[in-house]
Amino acid sequence: MRKLMFLGLVVVMLAACGISQSEFDAAIEETSTLSAAVAERDVRIQDLEHENTRILELETELEASIYEVYSLTMRSTELADEVVALNLVISDLQDKVDGLGPHLELSAAEAEIILATLDRQEIIDGLDAEIGARQAELDTLEVRIRETGEEPIRLGAGFYTSPNDIPPGRYRATGSSNFFVRDRNGRGRVNVILGGRNGLDYFVFNLSSGDEIEARSAFVLTPVE
């Protein structure tokens, strides 16, 4: 902008000095060309800022979806365990029925147990469908996460601090472990289960200077963009 103002001032000074019309027109044309280039650059900067904002939004959506899938998985597991327990009760009741004869009627309490089992199974089926939909969203969003090309950091169970043990940065954690991240004041920032029956395949997080990582077994940190 200062350059354009300077050129404009030069044009005015040249006009005052009695330059020819053709020279004056050439100066005006150069000023217009520079002005258009600056305007085009400003538009490009705005486009890049919008794209960066969208990428940050997608990363936030991905992390929220990971948390939601994890919660749904835990709830589905709890309900599945309850169904197993109820099925054992039903199996015991069925054994009693078989022993007393085909004409024995179930009590109201036993009938309620069977109905409750059916209701819980419907809930589990609904949660499984929702988990599948969320997983599809994750599959779409995770393409936004790219490895930086740096070597993964492989560590065993224990406590690690940044930057003494691990450089600050953005990482994808994998393994089979209870995984915690706390800030320098001891406040929890991450509390997830990696791998196993109820754990996540991976978890992406930002590690800041002063943070502490606690893992109950071996894990791998892969730097990502």
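For residues 41-60, no pair satisfies ring-ring contact (aromatic ring centres under 6.0 Å, His included), with sequence neighbours left out. Pairs passing the ring-ring contact (aromatic ring centres under 6.0 Å, His included) check and including a residue from residues 178-200, sequence neighbours excluded, read Phe179-Phe205, Phe179-Phe219.
A salt bridge links Arg54 with Glu57: the closest approach of a Lys/Arg side-chain nitrogen to an acidic carboxylate oxygen falls below 4.0 angstrom.
Nearest approach of Pro167 to Ile153, heavy atoms of both residues: CD-CD1, 4.2 Å. Nearest heavy-atom pair, Tyr160 versus Asp165, reported as atom, atom and distance to 0.1 Å: CA-OD2, 3.4 Å. Residue Pro223 comes nearest to Glu151 through the heavy atom pair CD-O, 3.9 Å, listed as atom of the first residue, atom of the second, then distance. Taking every heavy atom of both residues into account, Ser177 and Ala218 meet most closely at CB-O, 4.4 Å.
A distance-only check finds no donor-acceptor pair linking the side chain of Ser176 to the backbone of Gly195 [under 3.5 Å].
Residues passing the side chain to side chain donor-acceptor pair (under 3.5 Å) test with Asn178, sequence neighbours excluded: none. Qualifying salt bridge (Lys or Arg N to Asp or Glu O under 4.0 Å) partners for Asp183, counting only residues two or more places apart in sequence or in other chains: Arg187. Arg184 is linked by a salt bridge (Lys or Arg N to Asp or Glu O under 4.0 Å) to nothing, counting only residues two or more places apart in sequence or in another chain. Remark: Tyr171 pairs with no residue by the ring pair (Phe, Tyr, Trp, His ring centres under 6.0 Å) rule, at least two apart or across chains. By the side chain to side chain donor-acceptor pair (under 3.5 Å) test, Asp42 is found to be paired with no residue, residues two or more places apart in sequence or in another chain being considered. The side chain to side chain contact (heavy atoms under 4.5 Å, CB included) test applied to Ser208 returns Asp211, not counting sequence neighbours. For Arg216, the salt bridge (Lys or Arg N to Asp or Glu O under 4.0 Å) partners two or more places apart in sequence, or in a different chain, are Glu214. Under the salt bridge (Lys or Arg N to Asp or Glu O under 4.0 Å) criterion, Glu49 pairs with no residue at all, not counting sequence neighbours. The side chain to side chain donor-acceptor pair (under 3.5 Å) check on Thr77 picks up Asn198, with sequence neighbours excluded.
Atom CD of Gln46 is separated from atom CZ of Arg41 by 11.0 Å, given to the nearest 0.5 angstrom. Rounded to the nearest 0.5 angstrom, Leu194 CG and Phe203 CZ are separated by 9.0 Å. Interatomic distance, CD1 of Ile213 versus CD1 of Ile166, reported as 4.0 Å (0.5 Å rounding). Between Glu150 atom CD and Thr222 atom OG1 the span is 10.5 Å, to the nearest 0.5 Å.
Val220 and Ile193 fall into different hydrophobic clusters, where Ile, Leu, Val, Met, Phe, Trp and Tyr are joined by side-chain heavy atoms under 4.5 Å apart, directly or via other members.
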